[in-house]
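One structure is given below, encoded as C-alpha cells.
Any value given below was found using the heavy atoms of this structure, including those in side chains, with hydrogens, waters and symmetry copies removed. In what follows, chains carry the letters A, B, and so on, assigned in the order in which the sequence lines appear, proteins first and then strands, with residues in each chain numbered from 1. Since the structure is predicted, the reported quantities are computational estimates derived from the model, not experimental observations.
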2 protein chains.
Amino acid sequence: MRKLKESRRPEILDAALAIAAERGLDALSMRAVAQRMGVTPMALYGYYRSKDEMLDAVLGRLLAEIPIPPAGLGWREVIEQLAYGLRAVAVRYPSVLPLVFTRPAISPAAVRVVDATYQALLAAGAPPAQVPRLERMLSTFAVGHTLSEVSGRFGDGTLDPQARRAQLTPEQLPGHTCLASHLDNPVDWTDEFRTDLRDLCELVERLAASARTAT
Amino acid sequence: MRKLKESRRPEILDAALAIAAERGLDALSMRAVAQRMGVTPMALYGYYRSKDEMLDAVLGRLLAEIPIPPAGLGWREVIEQLAYGLRAVAVRYPSVLPLVFTRPAISPAAVRVVDATYQALLAAGAPPAQVPRLERMLSTFAVGHTLSEVSGRFGDGTLDPQARRAQLTPEQLPGHTCLASHLDNPVDWTDEFRTDLRDLCELVERLAASARTAT
DNA sequence: ACCTGAACACCGTTCAAGT
DNA sequence: ACCTGAACACCGTTCAAGT
C-alpha cells in the first residue's frame, strides 16, 4: 500500500476528460492518457493505484463542475438548477456519463450536490424521513434521462419509430398503433426534461402538503 | 456485408450471459464466449459482425425474459408487473444492466414492453400526447433505480454515510446534519422501489384527472 | 520523489485457408 | 456452410531498475 502522489492529478484528469470527449470512453486507456501527457503509462500508477481508481477521480472531477446554487433561491429553483447543471456537464462529456451509474457517488463534489438537494427538499416541507428517498428519485431521473438521451436509448434518430414497429406486426403493438400520430414528430429532450422535472416537483409538493394536513 | 448465420445464436447468448453473471461484464470477451462454446473466437464472427452487435443481442435476450402481463389487469398492476419484471431480470444479471442505458432499446422484446406500458397509460386516461413521455419517465426510473442499487451508486454497504460525511466538515453539509437520524438506518431497496413506483403512478393518475376536467 | 523499460497475460478483429 | 490459425495493433498491470 504505497503512498500516492498528488502533484499531477489535475493534469491527469484533464487529459482523461479530453480523450473521452474527443474519442469516446473506449479510447480512454491508461496508455492514451500517458501518451497525451508525454509520459510512460507506468508513471500514472504513482498517482492512482489502478485505472478504476482513476475513473472514480474522473467522475468526481466531472461532478465538481456542477455549480451549487446560491443561497436565497426557492427550493424548486435549487432543484432545477442542480438538474440543469448536471445536464449541462453531461452534454459536454456524454461518454463519461455511464460512469455515474456504475460507481458509488462518494466524491466530495457528489456529496455537496446531494446535500443541496436535501436542503431544498426540507425547505419544500417534505417529511424528513422521505427526503433521502426523494433525492435518490430525483437524481436517478436526472442522470437516467440525460444518459438515455445522449446514449441513444430514446432512439438516436437513425432508427425512427417506423423501423421499430416494422419488426413486429401492428396487431402485436396496439399501443403504438393508437399513438401513431404522436410517435412520428421529433422530441425536444431538453423540453421533456423540464416537463418531467416539473411533474416530479409537483409530486414533492403534494407529499409536503399531505404531511402538513396529517399533523 | 456477408450474410450471417442464425443457428447457434441462442447458444452464444447463453454463454455470454453465463460469463457476465459469473465473472462480470469485463470478463465478457469474444474469446471467453468462444472458449466456453469450445470454438475459436473467429467462429463467432459468422453470427455477429462485431462484439458490439453481439452485446445488442445479449441485451435483447435479457429484456425478452420480462413477462408481458396477461390481459384484464388494471393499468397500475400492468405497470407494476413490468417494473418488477425488469427488476427481477436485473437482479439475476446485474452486470449486464448498464447495457440498457448504453444502447438503443430496439429489440422486439424491448418494443413489446414499451407497447404494454403505452396501453396501460392509455387505460389510465393519460393524455395520449403525454404517453410516450410518461413511458420514458417510468422506464428511466425503473432501470435507473435498479442499476443504482446493484452497481453501488446508492452506497454499497462498505462505505457508510459517516464515511461520506467525513470528507467534508458538518458545516458544509447542513442537509446531512439535519437528516442525521434518518441517514444511518439501512434502506430496503425493494421497498423504496415500490414506494417510488406508487408515487409515479399517482402522478399519472393526477395528469389523467386534470385532463378529464379540462375537456 | 519521480519516472522508465521490458515483460506477461490479455483484448477485438482482419485475412487467407481448410473441410 | 462452418470453422481454424496466424497475425496485428491494442489493453491493464507487475517487477526491477534508473536519476
Enter the distance from Thr140(A):OG1 to Asp196(B):CG here, rounded to the nearest 0.5 Å. 8.0 Å
Round to a whole Å and report the spacing from CG of Asp52(A) to C1' of dT13(D). 13 Å
As an exercise, state the distance from CE of Met137(B) to CG of Leu200(A), rounded to the nearest 0.5 Å. 5.5 Å
Measure up the His176(B) and Tyr118(A) rings against each other and bin them: parallel (under 30°), tilted (30 to 60°), perpendicular (over 60°). tilted
Would you kindly give the CG-to-C1' distance between Leu4(B) and dC3(D), to the nearest whole Å? 15 Å
Any residue in residues 21-44 of chain A with a heavy atom nearer than 4.0 angstrom to DNA chain D? Just list them by number, or reply none. Ser29(A), Met30(A), Arg31(A), Met42(A)
For Arg23(B), all residues meeting salt bridge (Lys or Arg N to Asp or Glu O under 4.0 Å), sequence neighbours excluded: none
Give me the distance, rounded to whole Å, that separates dC2(C) from dA16(D) when you measure between the P atoms they each carry. 22 Å
Let me know which of Asp199(B), Asp191(B), Thr195(B) forms a side-chain hydrogen bond (donor to acceptor under 3.5 Å, both in side chains) with Arg133(A). Asp199(B)
Can you check whether Tyr45(A) has a side-chain N or O nearer than 4.0 Å to OP1 or OP2 of dC3(C)? no
Does the ring center of Phe101(A) lie less than 6.0 Å from the ring center of Phe101(B)? yes
I want to check one thing: is the phosphate of dC2(C), taken as OP1 and OP2, less than 4.0 Å away from some side-chain N or O of Ser7(A)? yes
dC3(C), OP1 or OP2 - any side-chain N/O from Arg8(A) closer than 4.0 Å? yes
Any cation-pi pair here, Arg9(B) with Tyr48(B), using under 6.0 Å and within 45°? yes
Between dC11(C) (P) and Met54(B) (CE): distance, integer Å: 12 Å
Name the nucleic acid region contacted by Tyr48(A), choosing base, sugar-phosphate or nothing; use a 4.0 angstrom heavy-atom cut-off, strictly under. nothing
Measure the distance from CG on Leu55(A) to P on dG12(D) and round it to the nearest whole Å. 9 Å
Duplex segments of DNA chain C, taken as runs of at least three Watson-Crick or G-U pairs that stay under 3.5 Å: C:4-8 with D:12-16, C:12-16 with D:4-8
Starting at CZ of Arg49(B) and ending at P of dT13(C), how long is that distance when rounded to a whole Å? 12 Å
Passing candidate, side chain to side chain contact (heavy atoms under 4.5 Å, CB included) with Tyr47(A), options Glu53(A), Glu11(A), Met54(A), Arg8(A): Arg8(A)
Rounded to whole angstrom units, what separation is found between the CD1 atom of Ile19(A) and the P atom of dC10(D)? 14 Å
Among dC3(D), dT13(D), dT13(C), the one nearest any side-chain atom of Ser50(A) is dT13(D)
Does the cation-pi check pass for Arg87(A) over Phe193(A), that is, NZ or CZ under 6.0 Å from the six-membered ring centre and within 45° of its axis? yes
Give the rounded distance in Å between these two atoms: CD1 of Ile12(A) and P of dC2(C). 11 Å
